[in-house]
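Worksheet: one structure, shown below.
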Number of protein chains: 2
Amino acid sequence: MRLVIARCRVDYVGRLTAHLPMATRLLLIKADGSVSIHADDRAYKPLNWMSPPCELVEGTGADGVLWTVTNRSGERLLIGIDEILHDSSHDLGVEPGLSKDGVEAQLQSLLAEQVHTLGEGWSLIRREYPTAIGPVDLLCRDTEGLTVAIEVKRRGDIDGVEQLTRYLELLNRDELLAPVRGVFAAQEIRPQARTLAADRGIECVVVDYEALKGTDDPESRLF
Amino acid sequence: MRLVIARCRVDYVGRLTAHLPMATRLLLIKADGSVSIHADDRAYKPLNWMSPPCELVEGTGADGVLWTVTNRSGERLLIGIDEILHDSSHDLGVEPGLSKDGVEAQLQSLLAEQVHTLGEGWSLIRREYPTAIGPVDLLCRDTEGLTVAIEVKRRGDIDGVEQLTRYLELLNRDELLAPVRGVFAAQEIRPQARTLAADRGIECVVVDYEALKGTDDPESRLF
DNA sequence: CCGTAAATGTCGTCG
DNA sequence: CGACGACGTTTACGG
């Protein structure tokens, strides 16, 4: 990883064109080949960047030092350097990697194992049930043999209700499945999503991730 | 802006929980208060971060140096530091700011000027036709005097079809306009969006940005 | 490699 | 402050 603090101006020509006038910025060059140009704000997002795979060529033009970064799509990042104030390289070694907990995939997995928390006596038909417009998170059968489509979200927003609505529309055309009703399951459901769901006849269920995880815990299973 | 290269381990507790075992990484502390932890890959995205507004407290715990970053939502980023390999601060001064030249606004403008590329003999009623739920990109009249609502996107995704569907629902309630049909125009239309559009009776048109621009080009207008 | 959905999305703008 | 849409979205995952 190379860290450069430099007075520079930048032009990006690619999916859009963008320009940065001369100023002092951080140029971050990573081992994966990516280049990003940071100001002292905007959280972690750079002003400009080039994602890997790409190539950085340090050249000298009429106006002085010019770095040219290109990728295979022909996008270009041109960095004209006026003055370098700092330049250091560092070997970071191997990154062991990030472990995450609490994402939608886990929630879906836990609910698949414990569909009874959504409805008494329900059984799982399958996870990621395929349709023409994408997979339904969970497809279940209730005690009366009726089909239930379940959309799982970490945070239940209006988009999720729309998504489930589309699935229901399609599934209800399948004579073998119809009538199919919908359940919107999330750790938190926004009021607007709840309203829309009610309007569409979709049931909302707030799920307790910690409780599901607790029940799923191997320790607990012993009892 | 402060740049620290350090052997560290990190825990994030917030919208999810995440953990990074001990390794060497870049800690980037910006003047806006943000903290981000970068490995030597993943383009510009950090492994972990805290967006401003937040507060960084450098403390010493039982296990050595511990940096605690918190925000107002109670999210926490805990950075345990084993060894600092580099630590430098830099005054970047004022950032003049980025200027962008967008594509999708121009696409709409070009199509407004050249609605005939969407349908033979069509005429523009108006751009940004207002409705209760937002403006329709383009409203046109075809050769038979029927109304056409057009949604313009750079990339045609399923969301755009949903958006147009909502407009059509509203516009068709207006007796003076109804019946209104829909056209989904984009440089690229995703298969899923295409399927949904077909299902909704919405026509898809792939537009050639370069060709439109070429036709619009002042040089070309001379002839 | 393409297509799709998730994301600690982030970042504007507009009520 | 919250919603709504755009983003050079990026990123991970599955066929």
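Chain letters run A, B, ... following the sequence lines, proteins first and then strands; every chain starts at 1.
The same atom, P, is picked in D:dG8 and in D:dC4; the two are 22 Å apart, to the nearest Å. Only the C1' atoms considered, D:dC7 is 13 Å distant from C:dA7, to the nearest whole Å. With both ends at atom C1', the span from C:dT8 to D:dG14 equals 24 Å, rounded to whole Å.
Within the structure, every side-chain polar atom (N or O) of A:Lys45 is placed at least 4.0 Å from both OP1 and OP2 of C:dC11. Distances shorter than 4.0 Å separate none of the side-chain N or O atoms of B:Arg76 from OP1 or OP2 on C:dT8. Taking only side-chain nitrogens and oxygens, A:Tyr44 never comes nearer than 4.0 Å to OP1 or OP2 of C:dA7. Residue B:Arg155 has no polar side-chain atom (N or O) positioned under 4.0 Å from OP1 or OP2 of D:dG8. Using a 4.0 Å cut-off, no side-chain N or O of B:Arg15 falls inside it from OP1 or OP2 of C:dA6.
Rounded to whole angstrom, the span from the CD1 atom of B:Ile158 across to the C1' atom of C:dA6 amounts to 15 Å. Atom CH2 of B:Trp49 is separated from atom C1' of D:dT11 by 11 Å (rounded to the nearest Å). Distance CZ (A:Arg126) to C1' (D:dG14): 12 Å, rounded to an integer number of Å. Taking atom CZ of B:Arg194 as the reference point, atom P of C:dT4 lies 11 Å away to the nearest angstrom. For A:Lys153 and C:dT8, the NZ to C1' distance is 16 Å, given to the nearest whole Å. As rounded to whole Å, 15 Å separates atom C1' of D:dG14 from atom CD of A:Glu104. Put simply, NZ on A:Lys100 is 16 Å from P on D:dT10, counting in whole angstrom units. Between the NE2 atom of B:His38 and the P atom of D:dT11 there is a distance of 11 Å, given to the nearest Å.
Across all strands shown, D:dG8 remains unpaired; no Watson-Crick or G-U wobble contact has both distances below 3.5 Å.
B:Asp159 comes within contact range of no nucleotide atom at all, as no heavy-atom separation falls under 4.0 Å. When heavy atoms are screened at a 4.0 angstrom cut-off, B:Arg190 is found touching base atoms of the nucleic acid. The residue A:Tyr12 sits close to a base: some heavy atom pair falls under 4.0 Å. Residue A:Gln163 is in sugar-phosphate contact alone, with no base atom involved, counting any heavy-atom pair closer than 4.0 Å across all strands shown. Using a 4.0 Å heavy-atom distance criterion, B:Met50 is classed as making no nucleic acid contact. Residue-level contact check: A:Arg127 touches neither bases nor backbone, having no heavy atom under 4.0 Å from any strand.
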How far apart are the C-alpha atoms of B:Thr24 and B:Arg7, what are their side-chain angles, what is the distance that settles it, and do they pass the side-chain hydrogen bond (donor to acceptor under 3.5 Å, both in side chains) test? CA-CA 4 Å; B:Thr24 305; B:Arg7 269 177 47 79; 5.0 Å; no
Decide side-chain hydrogen bond (donor to acceptor under 3.5 Å, both in side chains) for B:His19 and A:Lys100; before the verdict, give the C-alpha distance in whole Å, the side-chain angles of both, and the deciding distance to 0.1 Å. CA-CA 7 Å; B:His19 175 73; A:Lys100 290 184 183 184; over 6 Å; no
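Judged purely by distance below 3.5 Å, without hydrogens or angles, the side chains of A:Gln163 and A:Lys153 pair a donor atom with an acceptor atom.
Residue-to-nucleotide proximity on DNA chain C shows that, of B:Asn48 and A:Tyr167, the 5′-proximal contact is made by A:Tyr167. If you find the closest nucleotide of DNA chain D to B:Ala43 and to A:Glu75, the one lying nearer the 5' end belongs to A:Glu75.
A:Asp40 and B:Arg2 are not joined by a salt bridge, as no carboxylate oxygen comes within less than 4.0 angstrom of a charged side-chain nitrogen. Salt-bridge check for B:Arg194 with B:Asp199: failed, with every basic side-chain N at 4.0 Å or more from each acidic carboxylate O. Between B:Glu95 and A:Arg25, at least one side-chain nitrogen of the basic residue sits less than 4.0 Å from a carboxylate oxygen of the acidic one, meeting the salt-bridge criterion.
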